Amino acid sequence: MSQQGLESYRRPTGRFGRDFRYFREVGSTNDVALAAARSGAAEGLVVIADRQSKGRGRLQRRWEAPVGSSLLMSLLFRPPDPFAYFAERITMVCGLSLVLAVGAVTGVAARLKWPNDLIHEAVDAPGDWLKLAGMLSEVVLSDAGQPVALVVGLGVNVNVAAGDLPDLAPNAGSLSVLTGAEVSRVDLLDMFLGETESRYADLLCGVDPVPAWREQLAWLGRPVVVHAADGIIQGIAEDIDAEGALVLRLPGGGTRRFLAGDVSLRPIGC
Ligand code: ADP
């Protein structure tokens, strides 16, 4: 296991991480990467911090992380056209790469919680889950309003001690709690960047990551509740459609689609 600190991490070969910007503290790594993108930074920039004072999730929710415990990072992509097609799949590539890197470095069997979280589910208690990481993708627009870059932010609970996130109990978990040992953030970062780089190269060569991503999704075919703007809706998580929307089978028959931006998903224990 690497004992190296994040501040001295280097990735001299490859596209992602060659421009590596470490900060002891920032507001949010996404904000730093978005500003860098607007100033012309190249694809592959990685921004990382040991502390975020304004870490955020979707819908301006807060992302909490004790200092030095986590991987708080943002990656800059400059996808080709059609931008929306690639942007959606880049977020999937990052989620998939995180599942694989976590498995390879820690042995933890993590899965993806649609649309953008990494979770671990207890084998003996379906519905009993811990959130290990969250992802937030944000688009940079040109002055003319055209999308020109995508920033994918990830907050991964690596060495967060049990009880360090009391407000988020009982659903926040960490890799060190699951493995019972400290996990090298450098090893995890290095594996994640390598996976992302090769899967992104595949995507640019025409490989669609949707089937592999779908395989890693938790709770498909299972009873779930969707917390939507108009209330809490129960059903079976039937599928994810071609646009990445959740298709919920309703108890009275019929289905309803939910777009990722608007809703939160939870399982119903059985
Ligand atoms: P969801 O997809 O579950 O609705 P978001 O993607 O919006 O959640 O992420 C933000 C939410 O994640 C916060 O409201 C909080 O409940 C939770 N959260 C914040 N920090 C952490 C953390 N370090 N570990 C696990 N969960 C967190």
Side-chain angles (χ1 to χ4, degrees), residues 15-16 28-30 33-34 37-38 43-47 56-61 63 73-101 110-119 131 133-142 144-156 192-193 195-220 224 226-229 237-248 255-265:
R15 189 174 354 195
F16 285 83
S28 126
T29 58
N30 262 29
L34 289 166
R38 287 188 200 101
E43 178 163 79
L45 166 70
V46 175
V47 175
R56 57 177 191 275
R58 294 179 309 142
L59 309 168
Q60 299 304 317
R61 292 175 187 139
W63 187 260
M73 60 183 164
S74 297
L75 277 61
L76 172 60
F77 295 85
R78 292 197 178 272
D81 284 333
F83 188 93
Y85 173 92
F86 284 104
E88 192 188 336
R89 282 162 180 78
I90 286 168
T91 308
M92 295 177 184
V93 158
C94 290
L96 252 178
S97 299
L98 191 57
V99 168
L100 295 166
R111 306 204 77 195
L112 296 168
K113 174 168 103 63
W114 179 89
N116 63 344
D117 291 333
L118 185 82
I119 63 158
K131 181 151 149 180
M135 286 170 50
L136 177 68
S137 296
E138 297 184 290
V139 174
V140 180
L141 300 177
S142 69
Q146 294 303 311
V148 289
L150 180 78
V151 167
V152 180
L154 298 100
V156 188
F192 169 73
L193 292 179
E195 289 288 351
T196 300
E197 177 136 356
S198 74
R199 273 151 213 288
Y200 182 49
D202 289 349
L203 171 63
L204 295 180
C205 288
V207 179
D208 189 353
V210 169
W213 173 78
R214 201 178 174 286
E215 287 264 300
Q216 299 297 340
L217 283 178
W219 309 337
L220 278 186
V224 293
V226 177
H227 293 245
E238 188 164 275
D239 204 359
I240 307 294
D241 71 12
E243 277 128 64
L246 172 73
V247 180
L248 191 73
T255 57
R256 182 171 161 187
R257 280 177 85 240
F258 295 91
L259 291 170
D262 318 329
V263 301
S264 289
L265 183 65

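Since the model is a prediction, treat every value here as computed from it, not as a measurement.
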So, does Trp114 use its side chain to make a donor-acceptor pair with the main chain of Ala260 at under 3.5 Å? no
Are Leu112 and Ile119 packed together at the side-chain level, in the sense that at least one heavy-atom pair is separated by less than 4.5 angstrom? no
About how many Å separate CG of Leu150 and CD1 of Ile90, when rounded to the nearest 0.5 Å? 5.5 Å
How many angstroms lie between atom CH2 of Trp63 and atom OG1 of Thr29, to the nearest 0.5 angstrom? 12.0 Å
Val156 versus Leu98: any side-chain heavy-atom pair under 4.5 Å? yes
Has Glu195 got a side-chain atom pairing as donor or acceptor with Leu96's backbone, closer than 3.5 angstrom? no
For Phe77 and Phe83: C-alpha separation, side-chain torsions, deciding distance, then whether ring pair (Phe, Tyr, Trp, His ring centres under 6.0 Å) applies. CA-CA 11 Å; Phe77 295 85; Phe83 188 93; over 10 Å; no
Taking the six-membered ring for Trp and the single ring otherwise, decide whether the centroids of Phe86 and Tyr200 are under 6.0 Å apart. no
Quick one: pull up CG in Leu75 and SG in Cys94 and give me the separation to the nearest 0.5 Å. 5.5 Å
Passes side-chain contact (heavy atoms from CB on, under 4.5 Å), Leu265 versus Leu246? Steps please. CA-CA 10 Å; Leu265 183 65; Leu246 172 73; 3.9 Å; yes
Is a donor on one side and an acceptor on the other found under 3.5 Å between the side chain of Arg58 and the backbone of Ser264? no
Ignoring hydrogens and angles, tell me if any N or O in the side chain of Lys113 forms a donor-acceptor pair with the backbone of Lys131 under 3.5 Å. no
Among Leu136, Val151, Leu154, find the residue that satisfies the side chain to side chain contact (heavy atoms under 4.5 Å, CB included) test when tested with Ser74. Val151
Quick one: pull up CD in Glu238 and CG in Leu220 and give me the separation to the nearest 0.5 Å. 10.0 Å
Supply the atom-to-atom distance Arg199 CZ to Trp213 CH2, rounded to the nearest 0.5 angstrom. 14.5 Å
Do Arg89 side-chain atoms and Val207 backbone N/O form a donor-acceptor pair below 3.5 Å? no
